[in-house]
Amino acid sequence: MERKIKESSIFDKFIDKRKTLITNRNFLQSTYIPDQLPHRQNKIDEIVEIISPSLSRNKPSNILIIGKTGTGKTAVLNYIGKEMAKADPNEEKCSYIYINCEVVTSSYGILFNISNLIIKENSKRIPFTGWSLDKVYQELRNYIDEKNKVFIIVLDEIDKSFKENGDDIFYFLTTINEELKNSMVSLIGISNNTKFTELLSTKIKSRLGEEKIIFTPYTPQQLTDILNERAKIAFEPGILSSDVVPLCAAISAQNSGDARKALDLLRVAADIAERNGDSSISEAHVNYARNKIEMDTVVEVVKTLTIQSKIVLMSIYKNMENDNQNMTTGDVFTTYKEICPYVGYQILSQRTVANLIAELDMLGLIHAKVKSFGRNGRTKEINLNINKDVIDIFVEDDIFKNLENYKPSKQMTLM
DNA sequence: CGTCCACTGGAATCAAGGGTCT
DNA sequence: AGACCCTTGATTCCAGTGGACG
């Protein structure tokens with residue numbers, strides 16, 4: 001191929017001028033798997049000890065891993081996956097499969113993903129829709145058995161799947177061994193919901209949780225170690241002022257010791273400093289980053305809402321703007337009915353709107369508390385829970401173009 | 001103390017839209 | 001082409017309920 005010569009472009013002035021503080025941005029991503037996972041060696045040993053029989057074609061126990069977000073569960077499991085690939089490079093004895101149930105929501109989707117990670121031949125691949133679950137089960141089971149080896153299936157965020165689809169897949173995956181002649185399947189479930197096990201039926205509970213491992217949140221000192229480890233490879237010496245890492249660690253430790261948040265904080269702080277043209281990263285950058293992250297996540301959540309949810313949120317906002325601070329589901333629904341024609345969307349039933357309100361509550365955009373007004377019924381007391389800046393962005397949304405001339409018809413709450 | 005409101009929360013059901021199979 | 005299958009989002013149905021009021 002002919003090699004082209006670099007010409008000047010509109011990118012030049014940014015590339016040249018910009019002072020790079022971060023030598024390698026990759027190392028600051030929470031998805032990056034370092035060679036060493038500080039403060040998790042004992043967990044790694046524990047898990048590896050349990051699953052090591054797989055390398056001699058014996059079935060390891062199923063494992064249930066429980067711990068809050070950012071305690072290193074996913075990182076540890078990915079790390080082990082990498083090591084497994086070193087120990088058995090051609091997957092002759094054992095295949096290690098990782099599925100994130102938050103990304104793949106439906107039971108068909110999970111099975112489909114497992115299958116297609118296992119099945120390499122194009123002709124045997126399972127179509128992403130159309131088949132009955134039973135058929136996928138059978139196909140997958142046959143294929144697994146043919147391979148004559150151990151399959152370790154890691155199901156991350158397993159509680160999400162359970163909530164959506166019940167325990168059908170777990171049932172299938174935990175009982176599959178009884179029907180296999182040559183191969184073996186062993187499960188590793190990851191959940192950040194401590195109450196998850198209580199929800200499972202006793203049969204599946206005992207099968208899934210043959211071994212249970214709990215990940216505790218990192219302490220501020222441990223977070224500091226983790227960040228330092230990454231900072232060492234991500235920055236040139238002297239760029240990071242000494243109080244930055246402890247500050248990031250302290251902030252994140254307050255919020256449940258989440259290492260992912262700590263890393264985000266450090267990375268965003270570095271980004272801000274870099275964009276500012278500053279020559280080092282200081283405490284001020286971290287504080288700024290903290291606000292930015294908080295705001296960004298809320299904006300992101302609001303942006304990705306479905307249109308109907310947005311209209312409901314808008315109804316809540318309109319109520320609040322109209323000095324109705326503690327509105328009820330009924331208030332929101334009447335406003336919602338009025339707004340819908342303006343934005344040109346169909347009016348959904350009150351029950352559905354109530355569902356959407358509950359959803360907004362779960363996302364933390366509003367506060368909704370069930371409250372009883374005695375004779376006047378039982379309803380939710382609803383408050384908006386997002387700050388002015390986010391609202392400003394929200395009301396600018398295209399779908400609300402025609403809402404400027406909307407006037408609330410009447411105020412129904414009696415004082 | 002019982003009543004009764006305006007919902008809640010759970011479940012069953014429907015419709016539309018993606019697809020395969022024969 | 002017609003029979004099926006799964007997912008998603010909405011709808012319909014219904015029993016249940018906290019507590020102010022009479």
Side-chain angles (χ1 to χ4, degrees), chain A residues 99-116 119 121-143 157 159-173 195 198-201 301 304-316 319 324 326-337 339-341 343-363 366-383 399 410-415:
Chain A
I99 304 277
N100 189 329
C101 301
E102 196 182 18
V103 185
V104 188
T105 43
S106 64
S107 22
Y108 190 100
I110 291 171
L111 236 39
F112 166 75
N113 270 277
I114 294 175
S115 306
N116 285 346
I119 301 176
E121 292 96 320
N122 268 331
S123 57
K124 289 192 178 172
R125 283 191 172 244
I126 286 167
F128 84 94
T129 176
W131 281 16
S132 72
L133 276 175
D134 255 352
K135 185 163 182 183
V136 182
Y137 283 150
Q138 280 170 32
E139 206 69 15
L140 181 58
R141 186 163 55 218
N142 291 339
Y143 197 89
E157 317 259 358
D159 46 320
K160 295 265 165 49
S161 161
F162 174 74
K163 231 168 101 190
E164 300 271 320
N165 317 305
D167 51 13
D168 280 3
I169 325 163
F170 306 152
Y171 185 80
F172 166 73
L173 289 171
K195 286 185 184 162
E198 296 168 19
L199 303 170
L200 291 169
S201 69
V301 170
T304 51
L305 289 175
T306 62
I307 291 165
Q308 287 289 359
S309 292
K310 281 184 187 169
I311 301 172
V312 173
L313 188 58
M314 178 50 95
S315 312
I316 293 167
N319 264 284
N324 184 3
N326 297 322
M327 67 206 87
T328 66
T329 304
D331 293 341
V332 176
F333 188 56
T334 28
T335 315
Y336 166 82
K337 276 192 293 190
I339 288 182
C340 269
V343 292
Y345 277 88
Q346 180 200 352
I347 298 172
L348 301 179
S349 69
Q350 104 85 24
R351 183 66 189 80
T352 310
V353 171
N355 272 347
L356 294 178
I357 291 174
E359 197 186 296
L360 291 176
D361 182 31
M362 286 224 321
L363 291 171
I366 60 174
H367 277 312
K369 219 172 114 191
V370 270
K371 204 177 166 189
S372 176
F373 295 95
R375 269 275 165 81
N376 295 318
R378 208 159 105 84
T379 181
K380 270 185 172 151
E381 194 178 77
I382 300 163
N383 282 300
I399 61 170
K410 58 181 179 230
Q411 202 44 59
M412 47 221 328
T413 35
L414 8 137
M415 287 292 132

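Note on naming: letters A, B, ... go to the chains in the order of the sequence lines (proteins, then strands), and numbering restarts at 1 for each one. Values below: every heavy atom of this structure, side chains too, minus hydrogens, waters and symmetry copies. The structure presented is a predicted model; accordingly, all values stated were derived computationally and were not measured.
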A:Thr335 and A:Asn319 side chains, donor-acceptor separation under 3.5 Å: yes

Interatomic distance where CZ belongs to A:Arg375 and P belongs to C:dA20 [whole Å]: 12 Å

Backbone of A:Glu157 reached by a side-chain donor or acceptor of A:Ser161 within 3.5 Å: no

Between P of B:dT20 and CD1 of A:Ile126, the distance in whole Å: 13 Å

Touch class at under 4.0 angstrom, heavy-atom based, for A:Ser106 against every strand present: sugar-phosphate

Whole-Å gap separating C1' (C:dA10) and CD (A:Gln350): 13 Å

A:Asn113 side-chain N/O to A:Asn100 backbone N/O, donor-acceptor pair under 3.5 Å: no

From A:Lys371 atom NZ to A:Thr379 atom OG1, the distance as rounded to the nearest 0.5 Å: 11.0 Å

Inter-residue atom distance A:Gln350.CD - A:Thr329.OG1, 0.5 Å rounding: 7.0 Å

Neighbour count >12 (heavy atoms, 6.0 Å) for atom OH, A:Tyr171: no

Interatomic spacing from CZ in A:Phe112 to CG in A:Leu140 - rounded to 0.5 Å: 12.0 Å

Distance in angstrom units between A:Ile307 CD1 and C:dG9 P, rounded: 13 Å

Nearest-neighbour nucleotide for the A:Gln308 side chain, B:dT8, C:dA10, C:dT8 considered: C:dA10

Spacing between A:Lys369 atom NZ and B:dC7 atom P, to the nearest angstrom: 18 Å

Stretch residues 132-143 of chain A: residues that reach within less than 4.0 Å of DNA chain C through a heavy atom: A:Ser132, A:Leu133

Distance-only donor-acceptor test (3.5 Å): side chain A:Arg351, base B:dG10: yes

Sugar-phosphate only, base, or nothing, as touched by A:Ser107 at under 4.0 Å among non-hydrogen atoms: sugar-phosphate

Whole-Å distance separating the CD atom of A:Gln346 from the P atom of C:dG9: 15 Å

Working for side chain to side chain contact (heavy atoms under 4.5 Å, CB included), residues A:Tyr336 and A:Ile311: CA-CA 7 Å; A:Tyr336 166 82; A:Ile311 301 172; 3.7 Å; yes

Polar side-chain contact A:Arg378-B:dG9 base: donor and acceptor under 3.5 Å: no

Phosphate OP1/OP2 of C:dT12 contacted by A:Thr352 side-chain N/O (<4.0 Å): no

Earlier contact from the 5' end, DNA chain B, for A:Ser372 and A:Lys380: A:Ser372

CG on A:Leu356 to OG on A:Ser315, rounded to 0.5 Å: 10.0 Å

Enumerate the protein-to-nucleotides 15-19 of chain B contacts in which both atoms are nitrogen or oxygen and the separation is below 3.5 Å.
| unit_1 | atom_1 | unit_2 | atom_2 | d |
| --- | --- | --- | --- | --- |
| B:dG18 | N2 | A:Thr129 | OG1 | 3.1 |

Rounded interatomic separation in angstrom, taking NZ from A:Lys124 and C1' from B:dT20: 19 Å

Atom pair CD/SG of A:Gln308 and A:Cys340 - distance to nearest 0.5 Å: 5.5 Å

Nearest-angstrom distance from the residue atom OH of A:Tyr345 to C1' of C:dA10: 16 Å

